[in-house]
Amino acid sequence: MIERPDGTPLPRHFFDRPVLEVAPDLLGRTLVRRTAEGTIELRLTEVEAYAGDIDPGSHAFRGRTARNDVMFGPPGHAYVYFTYGMWHCLNLVCGPVGRASGVLLRAGEILSGAEQVRKRRLSARNDKELAKGPARLATGLGVDRALNGTDVCSGHDAPLSILTGTPPPSDLVRNGPRTGVGGDGAPHPWRYWIDGDPTVSPYRAHTPRRRTT
DNA sequence: CACGTGATCCACT
DNA sequence: GTGGATCACGTGC
């Protein structure tokens, strides 16, 4: 048998570690999305860690609700949420169970299946923008709440899975403040990216929305 | 390039 | 009723 060039599926124990270990370790890994139209492979270039019940920036900080329920479950599952009235974002739940931590997948490079992704990302001016930002990534891969709770460690035919890929040399891994996170969660430098990669999204500070009254 | 703002739903308070 | 782990587009330098 010929091993796939992108490697083998990451086992569940990969995700059953503290989120600050898992997040940087996801860089360079290959996210696989299988749809009726075919397979998309994406090399992760930017992620953010959310440390659950101890992290004011996390959806799980104020306790378990219907929306964040998946974060309180076992690691290696997808947490997909809907925000700003039109976008979805994709996270991977990390351990330990009950901590409700997760990694937001913020950006990546499309390795295969770009034709399928371009159809969903008509506003992208070039292929570097196809998954440059968390909502763009989810949109391009056709990820919505139907995939919330999906096991990403369940094998070759799953709608979502992660392969070992090729992690970058450690000196290219950078970290800094999380994008769009304000309040007490803002200071944490828990955004990780591959230095110099053109698919990494630009940093934006948190901007409180003006009232519409 | 930096900045400001409208779009458009839904979970939570 | 409020505001968000965002994006796209317009304006102005």
Side-chain angles (χ1 to χ4, degrees), chain A residues 15 19-20 22-24 26-27 31 42 44-73 77-94 99-108 110 117-149 152 160 174-193 198-213:
Chain A
F15 297 98
V19 67
L20 295 186
V22 177
L26 279 168
L27 294 174
L31 174 66
L42 175 147
L44 289 167
T45 59
E46 180 191 355
V47 301
E48 273 176 6
Y50 286 86
D53 57 330
I54 60 169
D55 176 6
S58 170
H59 288 171
F61 184 62
R62 296 185 179 179
R64 191 171 190 161
T65 66
R67 178 171 72 154
N68 65 27
D69 187 64
V70 171
M71 292 186 83
F72 288 81
H77 290 249
Y79 166 53
V80 181
Y81 67 88
F82 179 77
T83 192
Y84 289 105
M86 45 191 132
W87 310 112
H88 295 274
C89 292
L90 170 62
N91 299 253
L92 300 178
V93 177
C94 295
R99 170 61 73 213
S101 62
V103 179
L104 172 66
L105 307 185
R106 288 196 54 90
I110 303 297
V117 178
R118 291 188 197 106
K119 288 189 214 167
R120 300 195 185 92
R121 291 276 301 116
L122 295 179
S123 64
R125 288 180 296 179
N126 57 64
D127 283 1
K128 305 298 184 191
E129 294 183 354
L130 287 175
K132 190 180 200 158
R136 291 167 168 180
L137 185 156
T139 300
L141 269 54
V143 170
D144 62 22
R145 279 175 297 174
L147 289 174
N148 189 38
V152 303
L160 280 173
R174 299 296 152 86
N175 69 290
R178 294 179 292 188
T179 300
V181 175
D184 295 334
H188 297 303
W190 293 344
R191 173 183 181 238
Y192 301 88
W193 68 91
T199 65
V200 173
S201 71
Y203 173 76
R204 292 191 307 278
H206 177 67
T207 56
R209 299 302 309 158
R210 204 171 45 115
R211 274 184 298 180
T212 58
T213 61

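Reminder, nothing fancy here: chain letters follow the sequence lines and each chain counts from 1.
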Starting from [atom2] on [N], measure out to [atom1] on [X] and report it in whole angstrom.
| X | N | atom1 | atom2 | result |
| --- | --- | --- | --- | --- |
| A:E129 | C:dC7 | CD | C1' | 11 Å |
| A:Y203 | C:dT6 | OH | C1' | 15 Å |
| A:F61 | B:dT13 | CZ | P | 12 Å |
| A:R178 | C:dG4 | CZ | C1' | 15 Å |
| A:R62 | C:dG3 | CZ | C1' | 11 Å |
| A:F82 | C:dT6 | CZ | C1' | 11 Å |
| A:R204 | B:dT5 | CZ | P | 16 Å |
| A:N91 | C:dT6 | CG | P | 11 Å |

For a quick check of understanding: with a heavy-atom distance under 4.0 Å over all strands, which category does [X] fall into, base, sugar-phosphate or nothing?
| X | answer |
| --- | --- |
| A:G180 | sugar-phosphate |
| A:R145 | sugar-phosphate |
| A:R121 | sugar-phosphate |
| A:R67 | sugar-phosphate |

Any donor and acceptor pair, going by atom type alone, linking the side chain of A:K132 with main-chain N or O of A:P202 inside 3.5 Å? no

Exercise for review: Give a yes or no on whether the backbone of A:H59 and the side-chain of A:N68 come within a donor-acceptor separation of less than 3.5 Å.
Suggested key: yes

How long is the gap from [atom1] on [X] to [atom2] on [Y], to the nearest 0.5 Å?
| X | Y | atom1 | atom2 | result |
| --- | --- | --- | --- | --- |
| A:N126 | A:R118 | CG | CZ | 10.5 Å |
| A:R99 | A:I54 | CZ | CD1 | 4.5 Å |
| A:T199 | A:D127 | OG1 | CG | 11.5 Å |

Worksheet item: Do A:Y81 and C:dA5 share a donor-acceptor pair, side chain to base, under 3.5 Å?
Response: yes

Exercise. Examine the base of C:dA5 for any acceptor or donor lying under 3.5 Å from a partner atom in the side chain of A:H59, and report the outcome as yes or no.
Key: yes

Of the nucleotides C:dC7, B:dT8, B:dT13, which one has an atom closest to the side chain of A:M86?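 Taking heavy atoms from C-beta onward, the closest nucleotide is B:dT8.
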
Taking the minimum atom-to-atom distance to the side chain of A:R136, which one of B:dC9, C:dT6, C:dC7 wins?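 Nearest listed nucleotide: C:dC7.
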
Any side-chain N or O of A:S123 below 4.0 angstrom from OP1/OP2 of C:dA8?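 Checking C:dA8 against A:S123, a side-chain N or O does come within under 4.0 Å of OP1 or OP2.
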
Task: pi-stack flag for A:Y84 and C:dT6, centroid dist under 5.5 Å, interplanar under 30° - done: yes

* Asked: Would you call A:E48 and A:R178 a salt bridge, taking side-chain N to carboxylate O under 4.0 Å as the test?
  ->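 A salt bridge is absent here (no side-chain N lies under 4.0 Å from a carboxylate O).
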
Checklist entry - When the nearest nucleotide of DNA chain C is assigned to A:K132 and to A:H206 on a heavy-atom basis, which residue is associated with the more 5' position? => result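 Taking each residue's closest nucleotide, the earlier one in sequence belongs to A:H206.
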
The dot-bracket string of DNA chain C, counting Watson-Crick and G-U wobble pairs with both distances under 3.5 Å, using [ ] for crossing pairs and | for pairs to another strand, is ||||.|||||||.

Shortest non-hydrogen pair, A:A49 vs A:V19, comes out as CB-CG2, 3.9 Å

Contacts of A:L147 meeting side-chain contact (heavy atoms from CB on, under 4.5 Å) (sequence neighbours excluded), chain-then-number -> A:R33, A:V80, A:V143, A:T150, A:P159, A:L160

